[in-house]
Every structure is written in C-alpha cells, then in structure tokens.
Amino acid sequence: MESDHDFCLDIIFEILTRSSMETVEKCRLLSKECNKITYESTFTNHHSQRTNIISGFFIQSMIRNKFYSSFVSVDTLKPYPKLSLNFLPASIEIVASTNQGLLLCQTHHRPQYYVCKPTTKQWQIIPNPKMRYQTLETSMIVIGSNPLHYKIVRFSEPKTRYQDKEFYRYHWVRCELFDSKTWKWKQLEEVKLPQTELLSRNTNVSVNGSLHWLTWKRNDIFAFHVNKESYSMFSLPLPVSEDNKSKDIALVRYKGKLAITSIGREDSFMELWVMENYDRKEWNKTHTVNIEALRRKEPYTRPVAFCNADIALMKEHDRCVTFFNITNGSTDRLSLEKNLNHGCFPFQSNFELSDLMGDSASKQVSDNTLL
C-alpha cells in the first residue's frame, strides 16, 4: 500500500502548491507528513511559482543615522515587482515583520509608528505609545487574517524609582500592548529580569503565538506570550549554553518551530537545535552542517534565518548574503547595495489589498491616515 500512500501525498502536494498561505498553515496542523512536505525546498519553489505569493527578506542597513532597506529572495525565476518602502511618507526604520505580509516601521525625527503592506503599497499610522520612555524592543504578531487582527508589543525603560530598593535589585522593563481591535495601547505589568540581563536586539522570533528574544548574556530565551499577556524565560540547550561566549548563537524559526544555531568561533561546523516540544521545552539537535567552504571565503559568515527546511540565509561582513543549502552545500551569493548591519526581516505576502485597521478599529478611528 506504499504506492497508494505516495499517491495521496502527491495529490496533497499538487493541491497545496496552488493554495493560499492561510490554507497551507492550516494543513500543516493535520499531520506530520503534511507539515514536513510544506517546508521542503521542492514545495516552496512550486508554491511560489503557482501562486501570487512572494517570499524573502528585507535587509536593513543604517548609515549616518539613516536607514536603508532592500528585498532579497531565493526565488529568482518569478518576475516579481521590485519591493521597496519608498511609498511611505517618511524615512523609516523597519522594527518587525510578519509572514502575513505586514511590516511594522517607525520614524525617528518625529517618532511615529506605521503598519504597512509593501506588496500593495498600503500604510496606516498607529497611535503612539508613551514615547518619553526609551524603547528597548518592539515586535508584532498577526492573530487573524480575515478580518485582519494584529498586536504590537513594546518594551521600554521605566522611570527610575529612587526610593524603591527593589528597583535596583532587578532590571525592570515597561511593557505596552497595542491591539488593532481596540486601536489602543494598554500598559501591562512590568517585566522583571535579572539585574544584569537585557534583551538582545534583532533576535526576535515568532512561534506558537509568542515572541522570543535571546537575552543579552545568551544564557536564556525570553518569551512574551501575546494572548496571555504574560512572559517566561527558559534555557538554551545545555551543550549550547556551556561556554556560550565562545560561540556565535542565533535564534531562528525552523519549519515553524523555535530553533537555535550555534557555531564555535574557531569552528567549521554549524549545529541546528530545534525545540521539538514547546510545552516541555525539549530541544533536539537535528543537523550538524559543515560550513568550512563558506568560512574559508568569509570567516564571519553566520546564519540569520531559514527560508525552508533546506536553505539558510547567511550573513557576511561585507555587502553580501548567501543562500546556503544545508543539505547539499550549494550556495547562491547575492551582492547588496549596503551592509546588512541593522536587521534581517523574514517576509511573505500575497498581492491582495488588506484593511490595515480591521473591522472593529475602523469604526472608532477616522479614515484620514490610510493611503
């Protein structure tokens, strides 16, 4: 009956490579086999060719306090329109991205948040939180796509409480949450971190409805659980956390799961650790990849994200990134106009118009900011 089983998988493959992103995401929950095939390179290549969906990364640079971005994709066969953020009314910094086609951006001269959809050139101003507090990290997660519902979390430095002894025993962080349904920010309880701990910039990964950051010491992962409006911290895999200062560690999303890449400073091998069970925080080392050929050309090459189960986006020190196939070792090196020095943002989108305010919010806010 193996031939019948393969025939069923072939039918599923043909159907899903012609389906929307939302349908593919739902089918990934049906079985391990459905989940597995939808992350393979063969599937993602066919899906890109057969649907009106673009996948890739916004690469961000900062030069002389000005931000620049460019879009790169492993799919070079399909003639996509060139994506840029020039349609926005001001010079912006990308602060977060989603796999539903949305970017969260902000201006700096006169602080303002924007949510935008680059494929349709739509943008929407978001009400500002309390900007007098210095921003530490900001991120965004899409809760639902029809109607569109998203939330934004912002962490910032609180006002110093000189008379509070407890204030100096920990690193306290203000936490605010924006909900597109209410179109308002609300302040949550402050986050209490160990006294010397911080969240590492540009390490945010969205998995299981939660947002994750490496901590500054890189001994832990900080998770903000959006729907529960709570947070937790948990450890890296023990072999990674041991002597982690001598390792190049990156937090990534791999096949829809939270994952860690680890490379010794003098090592030619990259380890990939995947959290196979999120509830029990069980890690499994799934790959040990030889990257000697890459590091011989550029000693500081390291992964920043994964396109699918096979292909990683590798960052170099100069104006180049490389799409690296961890299965067969093949590479595709791309030149950039500017250095990747201020974030890499995974991006996937269709070209359909979206109501960036959502049904509930549009009743409460005037329509003088859209487009």
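Everything numeric here is computed off the predicted structure, so don't read it as measured data.
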For Phe87 against Lys117, the heavy-atom pair lying closest together: CZ-O, 4.2 Å

Indicate yes or no: at least one non-hydrogen side-chain atom of Pro118 is less than 4.5 angstrom from one of Phe58. yes

Pair Arg295, Ser268: side-chain N/O donor-acceptor within cut-off below 3.5 Å: no

Can you tell me if Asn284 uses its side chain to pair, donor with acceptor, with the backbone of Thr286 under 3.5 Å? no

Kindly state whether the ring of Phe155 and the ring of Phe222 have centres lying under 6.0 angstrom apart. yes

Side-chain heavy atoms of Tyr150 within contact of Leu104, under 4.5 Å: no

Check for a donor-acceptor pair, side chain of Lys181 on one end and backbone N or O of Lys151 on the other, with a separation under 3.5 Å. no

Pair Lys36, Glu33 - check salt bridge (Lys or Arg N to Asp or Glu O under 4.0 Å), show working. CA-CA 5 Å; Lys36 181 176 182 292; Glu33 288 179 326; over 6 Å; no

If hydrophobic clusters are built by linking Ile, Leu, Val, Met, Phe, Trp and Tyr wherever their side-chain heavy atoms come under 4.5 Å apart, do Val115 and Met131 end up in the same one? yes

When you group the ILVMFWY residues by side-chain heavy-atom contacts below 4.5 Å and let the links chain together, are Met314 and Val74 in the same group? no

Would a 4.5 Å heavy-atom cut-off, applied to side chains only, mark Trp183 and Pro127 as touching? yes

Under 3.5 Å side-chain donor-acceptor pair for Lys121 and Asn86: no

Verify, without hydrogens or angle tests, whether His47 (side chain) and Ser19 (backbone) share a donor-acceptor contact under 3.5 angstrom. yes

Donor-acceptor pair, side chain of His171 and main chain of Glu197, under 3.5 angstrom: yes

Test side-chain contact (heavy atoms from CB on, under 4.5 Å) applied to Asn204 and Ile141, Leu214, Leu211, the passing residue: Leu211

Flag side-chain contact, heavy atom, 4.5 Å: Pro89 against Trp123: yes

Atom pair CD/CD of Glu93 and Gln60 - distance to nearest 0.5 Å: 5.0 Å

Just by modelled atom types, is the Lys130 backbone N or O under 3.5 Å from a matching donor or acceptor in the Arg154 side chain? yes

Are Gln187 and Arg174 close enough that some pair of their side-chain heavy atoms sits under 4.5 Å apart? yes

Would you tell me whether Ser354 and Gln122 have side-chain atoms, one donor and one acceptor, within less than 3.5 Å of each other? no

Ring geometry between Phe13 and Phe43 (parallel below 30°, tilted from 30 to 60°, perpendicular above 60°): perpendicular

Is the ring pair Phe323/Phe57 parallel, tilted or perpendicular, if the boundaries are 30 and 60 degrees? tilted

Under the criterion side-chain hydrogen bond (donor to acceptor under 3.5 Å, both in side chains), I'd like the reasoning laid out for Glu316 against Thr301: C-alpha separation, chi angles, the key distance, then a yes or no. CA-CA 5 Å; Glu316 301 178 14; Thr301 298; 4.5 Å; no

Modelled atom types, side-chain donor and acceptor of Ser55 and Gln348, under 3.5 Å: yes

CG (Leu83) and OG (Ser73) are apart, to the nearest 0.5 Å, by 9.0 Å

Pair Thr215-Asp220, side-chain donor/acceptor within less than 3.5 Å: no

Counting distance only, does the side-chain N/O of Ser262 pair as donor-acceptor with the main-chain N or O of Glu271 below 3.5 Å? no

Looking at Tyr254 and Ala309, would you say the former's side chain and the latter's main chain have a donor-acceptor pair under 3.5 Å? yes

How are the rings of Trp172 and Tyr170 set relative to one another: parallel (under 30°), tilted (30 to 60°) or perpendicular (over 60°)? perpendicular

Nearest-0.5 Å distance, CD of residue Glu25 to CG of residue Leu29: 7.5 Å

Heavy-atom side-chain contact between Glu137 and Val173 under 4.5 Å: no

At what distance, to the nearest 0.5 angstrom, does NE2 of His287 lie from CG of Leu272? 6.5 Å

Compare all side-chain heavy atoms of Phe234 with those of His212 and state whether any distance is below 4.5 angstrom. yes

Flag, side chain of Arg28 to backbone of Thr38, donor-acceptor distance under 3.5 Å: yes

Atom pair CE (Met140) and OG (Ser206), whose distance is rounded to the nearest 0.5 Å: 11.0 Å

From Asn290 atom CG to Phe269 atom CZ, the distance as rounded to the nearest 0.5 Å: 4.0 Å

Using distance alone, with no hydrogens and no angle criterion, decide if Asn208 and Ser210 have a side-chain donor and acceptor under 3.5 Å apart. no

Would you say Ser48's side chain and Asn45's backbone share a donor-acceptor pair under 3.5 angstrom? no

Shared hydrophobic cluster, Val142 / Trp185 (ILVMFWY, side-chain heavy atoms < 4.5 Å): yes

Using atom types as modelled and distance alone, determine if a side-chain donor or acceptor of Ser139 lies under 3.5 Å from a backbone N or O of Ala96. no

